[in-house]
> 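Here it is, the structure in full.
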Amino acid sequence: MNKKIKTAAVDHLIDAILCLKTREEGYDLLEDLCTVNELLSLSQRFEVATMLHDHKTYMEIAEKTGASTATISRVNRALNYGCDGYELVFERLNPDNENGQ
């Protein structure tokens, strides 16, 4: 984990997210917390990560998501060298799929 982001304020935000119980509650918090563009950027990065995880090509990802190759590359770097947060979520969203595949 990046020590620069480990702050009391980030802890508080994560605790807030973890206490949500429904998708609608998630929408409500994120709409209050983020601008539309910020939320769309976050969701685009997650979609890119999902497609990279599913072995899609940069061209396929760019065409489907509208993400730049720089964004795709950044997400790919996080998948390969990050803290495995994406992998954890993929496993939990699809627990029946061994190795997330």
> Measuring from atom CG of Leu39 to atom OG of Ser43, what distance do you get when rounded to the nearest 0.5 angstrom?
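Going from the CG atom of Leu39 to the OG atom of Ser43 covers 5.5 Å.
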> Taking all non-hydrogen atoms of both residues, which atom of Met51 and which atom of Glu60 are closest, and how far apart?
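For Met51 and Glu60, the tightest heavy-atom pair comes out as CE-O, 4.0 Å.
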> Write down the atom of Thr65, the atom of Gln44, and the distance for their closest heavy-atom approach.
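Heavy atoms only, the tightest pair is O-NE2, 3.1 Å.
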> Indicate, with yes or no, if Leu29 and Val36 share a hydrophobic cluster defined by side-chain heavy-atom contacts under 4.5 Å among Ile, Leu, Val, Met, Phe, Trp and Tyr.
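No; Leu29 is not reachable from Val36 via cluster members.
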> Looking at CZ of Arg45 and CZ of Arg74, how far apart are the two atoms once the value is rounded to the nearest 0.5 Å?
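Result: 5.5 Å between the selected atoms.
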> Please round to the nearest 0.5 Å and tell me the distance separating atom CG of Leu30 and atom OG1 of Thr35.
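Spacing of CG (Leu30) from OG1 (Thr35) equals 11.0 Å.
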> Of all the heavy-atom pairs spanning Tyr86 and Ala49, show the shortest one and how long it is.
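Scanning both residues, the minimum pair turns out to be CE2-CB, 3.4 Å.
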> With a cut-off of 6.0 Å (strictly less than), are more than 12 heavy atoms of other residues, nucleotides or ligands near CD of Glu31?
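Not more than 12 within 6.0 Å, no.
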> Please report the shortest heavy-atom distance between Val48 and Ile61, naming the atom on each side.
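The answer is CG2-CG2, 3.7 Å.
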> How long is the gap from CD1 on Ile17 to CD on Glu25, to the nearest 0.5 Å?
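It is 13.0 Å, given to the nearest 0.5 Å.
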> Let me confirm one number: the CG-CG distance from Leu42 to Asn37, rounded to the nearest 0.5 Å.
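So the gap between those two atoms works out to 11.0 Å.
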> So, does Glu38 use its side chain to make a donor-acceptor pair with the main chain of Cys34 at under 3.5 Å?
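Between the backbone of Cys34 and the side chain of Glu38 there is no qualifying donor-acceptor contact (under 3.5 Å).
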> Please report the interatomic distance SG(Cys83) to CD1(Ile5), rounded to the nearest 0.5 Å.
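If I round to the nearest 0.5 Å, the distance is 7.0 Å.
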> Could you check whether atom CZ of Phe46 has more than 12 heavy atoms from other residues, nucleotides or ligands sitting under 6.0 Å from it?
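Yes - once you tally the heavy atoms of other residues, nucleotides and ligands closer than 6.0 Å, there are more than 12.
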> So, do Thr22 and Tyr27 sit near enough that their side-chain heavy atoms are less than 4.5 Å apart?
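Answer no - side chains too far apart.
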> Would you say Thr69 and Met59 make side-chain contact, with heavy atoms under 4.5 Å?
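The answer is no, as the side chains (C-beta and beyond) never meet within the 4.5 Å cut-off.
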> Nearest heavy-atom pair of His53 and Leu79: which atoms, and what distance?
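Result for this residue pair: N-CD1, 4.4 Å.
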> Just do the side chain to side chain contact (heavy atoms under 4.5 Å, CB included) check on Leu33 and Leu13 with the steps written out, would you?
CA-CA 10 Å; Leu33 188 62; Leu13 173 61; 3.6 Å; yes
